[in-house]
Amino acid sequence: MDFLQLAGKRILVFGVANRKSVAFQTGQVLEQAGAEVIYIVRSEARKESLAKLLAHAPIYVCDVEHQEQIDQLAIEISQKYELIHGLVHSIAFADYSAGWLPFHETPRAAFLQAVDISCFSLTAISNAFKELIDPRQGSVVTISISTTRMAAENYGYMAPVKAALDSSICFLAKSFSNFSQVRFNAVCPGLLKTSASAGIPGYVDSYLFAEKATLRKSAVQTSEVADTVAFLLSPRSSGINSQGIVIDAGMGTNYFDKEIVSEA
């Protein structure tokens with residue numbers, strides 16, 4: 001039974017890094033649901049490293065920091081496919097090469113680059129594919145974070161960048177509503193065990209705390225995020241638009257857990 005009604009649907013998945021990434025696991029869930037997945041990676045080197053894992057699927061290269069590559073990708077996809085039904089934006093980048101710095105010392109160039117790659121790329125991609133995405137049942141899903149209001153010192157300037165991404169969802173949904181019924185939503189997970197997160201200073205300690213703070217005392221799994229992305233891409237979620245779905249296993253309601261309080 002095709003409960004999600006994704007069989008035969010064509011989905012672009014941006015941001016696959018490796019087997020642990022949200023984008024990769026989302027692609028696997030979509031394939032299991034019968035969807036045709038087209039993977040988009042940042043570089044030729046990344047494409048080569050994923051060739052064995054994704055040998056069965058088409059892989060395109062696009063570094064979203066460069067508008068000309070986005071435009072070229074849209075041309076290539078449109079020449080081969082008449083329609084796409086969904087788009088997954090699982091892209092984030094922050095340059096921590098300067099080391100950990102308090103937020104007020106955030107390097108301007110690093111912040112603006114993070115906004116460009118992690119946030120504006122969603123608008124750029126959506127605009128590039130606006131003529132190709134199904135105007136009736138099209139769905140665009142991005143990956144945000146569970147809260148942009150918790151000022152975690154080690155996460156630094158990425159929380160404000162994700163806040164801009166969350167706001168972009170609302171504005172894109174409104175803008176596209178002028179000519180289509182394409183939906184825009186975000187999946188907002190708590191702390192995940194991914195290769196990208198491993199690059200954040202002090203992340204392991206934060207991850208262990210987050211796990212204790214969940215109601216179930218078990219961290220959010222990347223597969224749980226992927227399942228939610230698939231749901232938001234499906235017609236089964238047709239009434240959900242301009243929203244952020246938090247996947248944090250109840251962490252946001254459990255900061256005063258007695259075990260955590262007693263340890264403090």
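Hydrophobic cluster membership is shared by L122 and L132, with clusters built from Ile, Leu, Val, Met, Phe, Trp and Tyr side chains linked at under 4.5 angstrom. Criterion: ILVMFWY side-chain heavy atoms under 4.5 Å apart, direct or through other members. Under it, V64 and V140 are part of a common hydrophobic cluster. Taken together through direct or relayed side-chain contacts under 4.5 Å among Ile, Leu, Val, Met, Phe, Trp and Tyr, I40 and I117 form part of one hydrophobic cluster. Hydrophobic clustering, with ILVMFWY side chains joined whenever heavy atoms are under 4.5 angstrom apart, groups F129 together with Y60. The cluster map of Ile, Leu, Val, Met, Phe, Trp and Tyr, joined by side-chain heavy atoms under 4.5 Å apart, puts V141 and I70 in different clusters.
Side-chain atoms of V41 and I59, non-hydrogen and from C-beta on, do get closer than 4.5 Å to each other. Using a 4.5 Å heavy-atom threshold, the side chains of I125 and T123 count as separate. Using a 4.5 Å heavy-atom threshold, the side chains of S206 and L191 count as touching. Side-chain contact between P189 and I143 is present, with heavy atoms from C-beta onward closer than 4.5 Å. Contact check for S21 versus N18: side-chain heavy atoms found under the 4.5 Å cut-off. By the 4.5 Å heavy-atom criterion applied to side chains, E31 and H56 are counted as neighbours. A 4.5 Å side-chain heavy-atom check between K212 and L208 finds every atom pair outside the cut-off. Considering only heavy atoms from C-beta on, L192 comes within 4.5 Å of V225 through its side chain.
The shortest heavy-atom contact between A17 and R46 is O-CD, 3.2 Å. Shortest non-hydrogen contact noted between C119 and V161 is CB-O, 4.1 Å. Residues M251 and A210 share a closest heavy-atom pair of SD-CB, 3.5 Å. Scanning all heavy atoms of the two residues, the minimum distance from K20 to T222 falls at O-CG2, 3.8 Å.
The main-chain N or O of L172 is never found under 3.5 Å from a side-chain atom of S175 such that the two would form a donor-acceptor pair. In this structure, the side chain of D248 does not engage the main chain of V220 through any donor-acceptor pair within 3.5 Å. Without hydrogens or angle criteria, D2 side chain to L6 main chain gives a donor-acceptor distance under 3.5 Å. Using modelled atom types, no side-chain atom of Q137 and backbone atom of P135 make a donor-acceptor pair closer than 3.5 Å. In this structure a side-chain-to-backbone donor-acceptor pair under 3.5 Å is present from Q69 to D63. Under the 3.5 Å distance criterion, the side-chain polar atoms of S139 are matched with a main-chain donor or acceptor of L232. In this structure a side-chain-to-backbone donor-acceptor pair under 3.5 Å is present from R216 to A219. S118 contributes no side-chain N or O that, together with a main-chain N or O of V115, makes up a donor-acceptor pair within less than 3.5 Å. Of the possible donor and acceptor atoms, none in the side chain of H85 sits under 3.5 Å from a partner among the backbone N and O of K9. Remark: side-chain polar atoms of T142 are paired, donor with acceptor, to backbone N or O of H89 under 3.5 angstrom.
The distance from atom NZ of K258 to atom CD of E263, rounded to the nearest 0.5 Å, is 13.0 Å. In this structure, NZ on K162 lies 11.0 Å from OG on S146, to the nearest 0.5 angstrom. To the nearest 0.5 Å, atoms OG (S126) and CD1 (I133) are separated by 7.5 Å. Between the CG atom in L73 and the NE2 atom in H66 there is a gap of 14.0 Å [rounded to 0.5 Å]. Note: S121 OG to Q67 CD = 10.5 Å, rounded to the nearest 0.5 Å. Taking OG1 of T214 as the reference point, atom CD of E211 lies at 6.5 Å (rounded to 0.5 Å).
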(request) Please lay out, stage by stage, how E224 and T228 fare under the test side-chain contact (heavy atoms from CB on, under 4.5 Å). (result) CA-CA 6 Å; E224 294 176 310; T228 307; 5.7 Å; no

(message) Between S237 and R183, does the side-chain hydrogen bond (donor to acceptor under 3.5 Å, both in side chains) criterion hold? Intermediate values first, please.
(response) CA-CA 10 Å; S237 62; R183 297 179 293 115; 3.1 Å; yes

(request) Walk me through it: do L101 and Y157 pass the test side-chain contact (heavy atoms from CB on, under 4.5 Å)? (result) CA-CA 10 Å; L101 296 170; Y157 57 86; over 6 Å; no

When the side chains of residues 77-84 are checked against the rest of the protein, which donor-acceptor pairs come out under 3.5 Å, sequence neighbours left out?
residue	atom	partner	partner atom	Å
S78	OG	A74	O	3.0
S78	OG	I75	O	2.8

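Geometrically, R42 does not engage F14 in a cation-pi contact defined by less than 6.0 Å to the ring centre and at most 45° from the axis.
Applying the side chain to side chain contact (heavy atoms under 4.5 Å, CB included) criterion to N254, with sequence neighbours excluded, gives L215, K217, D257. Shown here are the side chain to side chain contact (heavy atoms under 4.5 Å, CB included) partners of S242, two or more places apart in sequence or in another chain: C170, A173. Qualifying ring-ring contact (aromatic ring centres under 6.0 Å, His included) partners for Y39, counting only residues two or more places apart in sequence or in other chains: none. Evaluation of the side-chain hydrogen bond (donor to acceptor under 3.5 Å, both in side chains) rule for E76 yields Q72 as partners, not counting sequence neighbours.
Heavy atoms of other residues, nucleotides or ligands lying less than 6.0 angstrom from CZ of R236 number more than 12. With a 6.0 Å radius and a threshold of 12 heavy atoms from other residues, nucleotides or ligands, F103 has its CZ atom above the threshold.
Checking V187, N185, D166 one by one against Q243, the side chain to side chain contact (heavy atoms under 4.5 Å, CB included) holds for a single residue, N185. Residue S234 is tested with V229, L30, L4 for a side chain to side chain contact (heavy atoms under 4.5 Å, CB included); the sole match is L4.
Ring orientation note: the planes of Y255 and F209 are close to parallel, at an angle under 30° on the 30°/60° scale.
Close placement of the F176 and F184 rings is indicated, their centers lying within 6.0 Å of each other.
Applying the side chain to side chain donor-acceptor pair (under 3.5 Å) rule to pairs touching residues 103-114 yields E65-Q113, sequence neighbours excluded.
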